[in-house]
> 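Here you go, one structure.
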2 protein chains.
Amino acid sequence: MMDVAQHAGVSGQTVSRVSNGHSNVDPATRQRVIDSMRALGYRPNSAARALRLGRFRTIGVIMFTLRTFGNMRTLDAIVTEAARADYSVTLLPVRAATMDQVSGAYSRLSEAALDGVIIIFEADLLDEAKFTLPPGLPVVLIDSDTGDEYTVVDTDQADGARQATEHLLGLGHRQVWHIAGPESSFAAVRRAESWRRTLREHGIEPPAALHGDWSTESGYRHGRTLGRREDVTAIFAANDQMALGLMRALHELGRDVPGDISVVGFDDLEEAHSFWPPLTTIRQDFDEVGHQAIRKLLAKVHSEQEENEKIIVPTRLIIRESTAPAKAAAP
Amino acid sequence: MMDVAQHAGVSGQTVSRVSNGHSNVDPATRQRVIDSMRALGYRPNSAARALRLGRFRTIGVIMFTLRTFGNMRTLDAIVTEAARADYSVTLLPVRAATMDQVSGAYSRLSEAALDGVIIIFEADLLDEAKFTLPPGLPVVLIDSDTGDEYTVVDTDQADGARQATEHLLGLGHRQVWHIAGPESSFAAVRRAESWRRTLREHGIEPPAALHGDWSTESGYRHGRTLGRREDVTAIFAANDQMALGLMRALHELGRDVPGDISVVGFDDLEEAHSFWPPLTTIRQDFDEVGHQAIRKLLAKVHSEQEENEKIIVPTRLIIRESTAPAKAAAP
DNA sequence: CAGCACCATGTTGACGTGAACATCGGCTCG
DNA sequence: CGAGCCGATGTTCACGTCAACATGGTGCTG
């Protein structure tokens with residue numbers, strides 16, 4: 001900075017003012033400084049700036065894996081939204097649920113240059129991790145369980161599962177089976193609970209849920225089982241990938257979708273409309289989740305005095321060709 | 001830091017030594033300092049540290065979109081590998097190819113606290129962007145075009161396309177059609193070129209490639225066209241998503257895969273093995289790409305004196321059920 | 001026992017920036 | 001025409017850390 005100042009024949013402070021776009025600088029001087037910055041290839045040192053200001057203009061995102069569609073889309077939305085506010089996003093991966101890993105993330109976290117963090121995290125792991133979150137660091141949780149301890153942005157999983165189930169019931173199906181996600185997933189548990197509740201509200205006793213692990217493979221496995229049962233006519237899978245595996249199993253078993261069995265997924269993958277048949281599913285609004293998460297987090301960062309709140313982002317049923325009215329039942 | 005020093009009755013320097021794990025500290029003193037750090041909730045200030053050391057332990061990743069499978073997997077690998085070396089990863093999204101966006105990325109980049117950047121970027125855009133890359137910042141390119149200007153980690157697109165094409169020819173198909181990616185994509189162009197070259201090497205004059213935009217939708221569109229042609233028996237799609245859309249179109253047209261038409265994709269999506277039918281495709285080793293990119297970048301960061309080089313990561317044909325021998329041709 | 005090496009710890013200063021305050025000159029207004 | 005004000009610019013200092021050097025004490029060697 002001093003080099004630029006000398007080159008332009010001004011003081012360092014004036015350079016600082018130009019580089020921060022402050023008002024009280026003579027246009028001629030400003031131009032001279034800008035030219036000098038160009039000439040000398042000056043880049044402000046963000047470490048010094050952060051040190052001086054106590055702010056980093058960076059937020060951290062803690063997540064287990066990038067390999068799921070939902071996490072990726074959420075991250076994408078967060079990054080986009082953060083960039084709009086001129087914040088950078090730093091990724092803090094946590095590989096596994098071991099205590100080692102969590103404290104590893106902690107040591108990185110505690111040293112990281114962050115103004116706040118967004119956590120996309122299965123609930124049960126948060127219990128271990130929360131002890132180690134640096135105090136005073138603003139936090140927003142996405143799709144996770146918590147008391148009033150944090151601000152949470154939450155997709156309306158329950159309503160999505162209800163819509164899926166009622167869609168199938170509305171088509172005349174007498175029972176809806178469910179391929180759930182892993183029991184360790186908060187989202188999966190809520191989808192399963194809502195499915196169960198919705199059936200009961202319609203006077204139907206739900207069968208046992210089959211638990212998968214979100215993978216197509218697990219959907220396929222359960223599909224091999226369900227597909228052999230003549231009484232199964234409607235299946236709600238807790239995500240699109242399991243629905244895909246499920247449909248593959250049904251194809252192999254010669255069961256027609258939707259002729260024999262209707263299938264609903266959850267997520268609305270980019271590809272879902274090109275599955276065979278195109279998949280009826282529940283669309284999540286990841287962009288909105290990311291948007292709200294950043295909005296709330298930055299509010300906390302700037303004002304220090306934000307109440308914790310819970311934001312619910314709605315889901316929407318997308319009807320395609322994998323669902324059809326139930327065949328008339330034998331009287 | 002001074003608070004901790006006072007609390008432990010030592011000097012700031014000793015606290016610094018403890019916090020950096022330096023050797024020459026009496027175990028008793030070290031313990032006292034650690035206790036004080038705990039008691040006071042001390043966290044080292046990374047801005048000050050970065051200012052002092054001139055290093056941030058952070059690398060940037062510039063990319064257009066997180067919404068493609070390949071980018072996501074590559075990013076995942078980069079983050080994992082960086083974490084292993086105790087580096088953080090900051091995302092620098094560039095939305096569109098407009099000059100506005102590129103200079104926006106530049107202003108963020110030039111102010112960002114980075115030791116180096118990895119660019120996952122279509123080639124033609126790099127031309128505009130390269131002018132604005134801060135000089136002296138170590139750079140590694142992934143899957144992009146360049147002279148010797150940068151170090152590049154590159155998936156062996158050409159060999160993958162060759163394997164796909166030869167696999168189909170080996171099954172007895174007389175011609176292989178190709179649904180290519182957008183012409184603006186370097187990877188797409190190389191796959192298309194290699195497909196063309198491979199056919200010529202086998203004495204076959206390639207038909208015109210059909211250009212999609214990587215989306216299932218574009219695969220579907222071209223599938224509607226190709227599927228109507230009786231002479232088409234083998235199609236190589238430049239990614240799995242287009243292959244998926246293609247197969248949906250073929251199903252709709254009543255063409256059997258692989259009975260009537262064999263299909264090969266590229267990428268090996270997590271879901272590809274559950275497509276209907278399970279997709280024969282080319283697997284890319286994203287983990288290796290991420291690993292090599294980080295390795296090379298950190299080498300540059302640490303030694304300043306690294307030659308630019310080009311690393312080629314191999315691809316592999318995964319044979320599933322979407323390809324079958326050609327029917328015996330009429331004599 | 002003198003001399004010296006070595007270890008634990010303390011002191012000083014500089015990294016680059018921007019807020020707060022200081023200064024200086026010109027312009028307005030009574 | 002002088003007082004006061006305002007805008008442009010300069011000066012000083014502190015942010016938290018760590019490298020380099022300084023200090024003082026302990027123990028070993030010849």
Side-chain angles (χ1 to χ4, degrees), chain A residues 1-37 40-58 86 88 107-108 110-115 134 136-137 302, chain B residues 1-37 40-58 86 88 107-108 110-115 134 136-137 302:
Chain A
M1 185 164 93
M2 293 316 289
D3 295 344
V4 173
Q6 250 180 334
H7 187 275
V10 298
S11 73
Q13 183 54 31
T14 300
V15 175
S16 166
R17 278 192 269 257
V18 169
S19 112
N20 289 290
H22 282 241
S23 43
N24 299 337
V25 180
D26 188 87
T29 311
R30 176 186 303 274
Q31 193 52 52
R32 203 148 34 89
V33 171
I34 289 176
D35 291 344
S36 296
M37 298 198 308
L40 276 61
Y42 166 76
R43 295 195 290 148
N45 179 313
S46 53
R49 178 173 285 174
L51 175 60
R52 187 66 181 79
L53 299 178
R55 287 273 164 71
F56 302 94
R57 295 201 83 80
T58 298
D86 247 322
S88 296
S107 80
R108 261 175 286 133
S110 67
E111 295 190 11
L114 303 175
D115 298 318
L137 194 64
H302 292 131
Chain B
M1 186 165 92
M2 291 317 288
D3 296 344
V4 173
Q6 250 179 334
H7 186 275
V10 297
S11 74
Q13 183 53 30
T14 300
V15 176
S16 167
R17 276 191 270 256
V18 170
S19 116
N20 290 291
H22 282 240
S23 43
N24 299 336
V25 180
D26 187 88
T29 310
R30 175 186 303 274
Q31 192 53 51
R32 205 149 31 91
V33 171
I34 289 176
D35 291 344
S36 296
M37 295 199 308
L40 276 61
Y42 166 77
R43 297 194 290 148
N45 179 313
S46 52
R49 179 174 285 172
L51 176 61
R52 187 66 180 78
L53 299 178
R55 286 271 166 72
F56 302 94
R57 296 200 82 79
T58 298
D86 246 324
S88 296
S107 79
R108 261 174 287 135
S110 67
E111 297 190 6
L114 303 174
D115 299 317
L137 193 64
H302 292 131

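None of the values given here were measured: they were computed from a predicted structure. Naming convention: chains lettered A, B, ... in sequence-line order (proteins, then strands); numbering from 1 in each chain. The basis for the numbers below is simple: all heavy atoms, side chains too, and nothing from hydrogens, waters or symmetry mates.
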> Between C1' on D:dG10 and CD on A:Gln6, what's the gap in Å once rounded to a whole number?
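It is 14 Å, rounded to the nearest whole Å.
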> Near A:Gln31 CD, under 6.0 Å, is it more than 12 heavy atoms from other residues, nucleotides or ligands?
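For A:Gln31, atom CD is crowded (more than 12 foreign heavy atoms under 6.0 Å).
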> Side chain of B:Arg17, base of C:dG10: donor and acceptor closer than 3.5 Å?
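Flag set: donor-acceptor pair detected.
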> Taking the side chain of A:Gln13 as heavy atoms from C-beta outward, which of C:dT17, D:dC18, C:dA20 is closest to it?
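Among C:dT17, D:dC18, C:dA20, the one nearest the side chain of A:Gln13 is C:dA20.
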> Could a donor-acceptor pair under 3.5 angstrom be found where the side chain of A:Arg43 meets the base of C:dG16?
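Side chain to base: no pair present.
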> Closer than 3.5 angstrom, by distance alone: can the side chain of A:Asp115 be matched with the main-chain N or O of A:Phe56 as a donor-acceptor pair?
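Between the backbone of A:Phe56 and the side chain of A:Asp115 there is a qualifying donor-acceptor contact (under 3.5 Å).
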> Between A:Gly12 and A:Pro27, which is nearer to the 5' end of DNA chain D once each is assigned its nearest nucleotide?
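Nearest nucleotide further toward 5': that of A:Pro27.
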> Roughly, in whole Å, what's the span from CG in A:Leu51 to P in C:dC15?
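In whole Å, C:dC15 P and A:Leu51 CG are 14 Å from each other.
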> Nearest of C:dT9, C:dT17, D:dT9 to any side-chain atom of B:Thr29?
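Out of C:dT9, C:dT17, D:dT9, the nucleotide with an atom closest to B:Thr29's side chain is C:dT9.
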> Would you indicate which nucleotide in D:dT17, D:dG10, D:dT9 comes nearest to any side-chain atom of A:Asp26?
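Side chain of A:Asp26 sits closest to D:dT9.
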> Would you give the length of the straight line joining atom CZ of B:Arg52 to atom OG of B:Ser46, rounded to the nearest 0.5 angstrom?
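Result: 16.0 Å between the selected atoms.
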> Quick check for you: among D:dC18, D:dT9, C:dT9, whose closest atom lies nearest to any side-chain atom of B:Val25?
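Selected nucleotide (nearest to the side chain): C:dT9.
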> What do the steps show when you test B:Ser19 against B:Arg49 for side chain to side chain donor-acceptor pair (under 3.5 Å), and what is the final call?
CA-CA 11 Å; B:Ser19 116; B:Arg49 179 174 285 172; 3.2 Å; yes
> Separation of A:Arg55 atom CZ from D:dC15 atom C1', in whole Å?
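Between C1' of D:dC15 and CZ of A:Arg55: 15 Å.
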> Counting side-chain heavy atoms from C-beta on, which of C:dT17, C:dT11, C:dG18 comes nearest to A:Ala48?
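Selected nucleotide: C:dT17.
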> Among the nucleotides C:dT17, C:dG10, C:dC15, which one has an atom lying closest to any side-chain atom of B:Thr14?
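Closest of the options to the side chain of B:Thr14: C:dG10.
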> Just checking, any donor-acceptor pair under 3.5 angstrom between side chains of B:Thr14 and B:Arg32?
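There is no such pair between these side chains.
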> Between P on D:dG16 and CE on B:Met37, what's the gap in Å once rounded to a whole number?
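From B:Met37 CE to D:dG16 P: 17 Å.
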> Side chain of B:Met1, heavy atoms from C-beta onward: which of C:dG18, D:dC18, D:dT17 has the nearest atom to it?
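Of C:dG18, D:dC18, D:dT17, D:dT17 is nearest to the side chain of B:Met1.
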> Expressed as a whole number of angstroms, how long is the span from A:Asn45:CG to C:dT17:P?
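Answer to the nearest Å: 6 Å.
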> What is the separation between atom CZ on A:Phe56 and atom P on D:dC15, rounded to the nearest whole Å?
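Computing the A:Phe56:CZ to D:dC15:P distance gives 15 Å.
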> Can you tell me whether the side chain of B:Arg52 and the base of C:dC15 have a donor-acceptor pair closer than 3.5 Å?
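Donor-acceptor pair under 3.5 Å: no.
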> If you check every side-chain atom of B:Leu53, which of D:dA19, C:dA8, C:dG10 has the closest atom?
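The answer is D:dA19, which lies nearest to the side chain.
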> Using 0.5 Å steps for rounding, measure from the CG atom of B:Leu137 to the CZ atom of A:Arg43.
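Result: 5.5 Å between the selected atoms.
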> Compare the minimum distances between each of D:dG10, C:dG10, D:dT17 and the side chain of B:Ser11, then state the nucleotide with the smallest one.
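Out of D:dG10, C:dG10, D:dT17, the nucleotide with an atom closest to B:Ser11's side chain is C:dG10.
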> Look at the side-chain N and O atoms of B:Arg49 and state whether any lies under 4.0 Å from the OP1 or OP2 oxygen of D:dC18.
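True: B:Arg49 side-chain N/O within range (under 4.0 Å) of D:dC18 OP1/OP2.
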> Atom NE2 of B:His22 and atom P of C:dG10: how far apart are they, to the nearest Å?
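To the nearest whole Å, that distance equals 16 Å.
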